[in-house]
Protein chains: 2
Amino acid sequence: MITNRLRELREQQMQNATTPGAWTQEGLGKRVGVSRQTIIAIEKGTYNPSLELAFKLARAFGVTIETIFTYRGDEHEP
Amino acid sequence: MITNRLRELREQQMQNATTPGAWTQEGLGKRVGVSRQTIIAIEKGTYNPSLELAFKLARAFGVTIETIFTYRGDEHEP
DNA sequence: ACTTAACGTAAAGTCTACTTGACATATAAA
DNA sequence: TTTATATGTCAAGTAGACTTTACGTTAAGT
């Protein structure tokens with residue numbers, strides 16, 4: 001199972017940002033070349049991004065993939 | 001575009017390995033829960049793995065995703 | 001010569017990431 | 001109150017990741 005800190009990171013950027021609208025869901029989508037709905041779905045956990053999109057997102061935030069996404073191997077335990 | 005060092009890393013493991021067959025394409029496939037053909041296709045570059053499979057592969061080799069996979073943003077230059 | 005292990009390839013099918021389009025809600029500003 | 005911005009949701013379609021099955025090759029061992 002994969003979880004992510006996309007919303008958290010995006011909101012950090014929104015606060016520090018000089019250009020308004022640059023880090024909205026739509027702005028981020030344009031930045032990494034996907035639709036707004038795709039960003040929403042990933043933030044919500046509806047599905048996981050492709051490896052390529054994961055790279056683009058990591059690059060957009062200037063961090064590694066592992067900083068945004070966390071993989072837990074165990075499928076069951078709470 | 002995404003490239004990977006899967007074959008390189010796998011062959012390193014094959015040399016250092018104690019258990020034969022553990023790091024063959026089939027062995028690696030079983031280890032990360034995909035078919036042998038999937039490993040072949042990724043090594044060959046036919047397609048990119050899902051983010052989840054990328055995590056499993058990184059974990060299998062004990063490295064980060066960025067160690068195995070490299071993303072180049074520029075689509076054109078040679 | 002025969003067998004076995006490892007690698008490669010191709011076809012058809014399933015599942016999911018991602019798209020477009022349309023409609024709904026909340027908040028803040030004019 | 002109206003307008004604009006940002007977020008959320010649903011539906012139908014396309015593309016790509018992955019599967020199973022099956023057959024072919026090459027090198028090593030016996």
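At a threshold of 4.0 angstrom between heavy atoms, the contacts of P20(A) with the nucleic acid are absent.
Proximity of a side-chain donor or acceptor of E66(A) to a complementary backbone N or O of T64(B) within less than 3.5 Å is not detected. Side-chain N or O atoms of E52(A) include none that pairs as donor or acceptor with a backbone N or O of I2(B) at under 3.5 Å. Between the side chain of N4(B) and the main chain of T70(B), no donor-acceptor pair closer than 3.5 Å is present. A donor-acceptor distance shorter than 3.5 angstrom exists from the side chain of R59(B) to the backbone of Y71(A), with no hydrogens or angles considered. When atom types are taken as modelled, the side chain of T19(B) and the backbone of A22(B) share no donor-acceptor pair closer than 3.5 angstrom. Between the side chain of R10(B) and the backbone N or O of W23(B) there is at least one donor-acceptor pair closer than 3.5 Å.
Per the geometry, CD belonging to E52(A) stands 16 Å off C1' belonging to dT16(C), to the nearest Å. We find that CD of Q25(A) is positioned 14 Å from C1' of dA26(C), with the value rounded to whole Å. When rounded to the nearest whole Å, the span between CZ of F55(A) and P of dA17(C) equals 18 Å. Atom CD in E43(B) sits about 14 Å away from atom P in dA6(C), given to the nearest Å. Atom CG of L53(A) and atom P of dA17(D) are 13 Å apart (whole Å). Going from atom CG of L51(A) over to atom C1' of dG16(D) covers 13 Å, rounded to whole Å.
The structure places CD1 of I39(B) at 12.5 Å from NZ of K30(B), a figure rounded to the nearest 0.5 Å.
For the contact set between residues 26-42 of chain B and DNA chain C, defined by any heavy atom under 4.0 Å, the members are R36(B), Q37(B), I40(B). Across residues 2-18 of chain A, not one residue has a non-hydrogen atom less than 4.0 Å from an atom of DNA chain C.
Taking only side-chain nitrogens and oxygens, K44(B) comes nearer than 4.0 Å to OP1 or OP2 of dT9(C). Phosphate contact (OP1/OP2 of dA17(C), side-chain N/O of S50(B), threshold under 4.0 Å): absent.
For the pair L51(A) and I65(B), the minimum side-chain heavy-atom distance is below 4.5 Å.
For E26(A) and R36(A), the salt-bridge test fails: no basic side-chain N is under 4.0 Å from an acidic carboxylate O.
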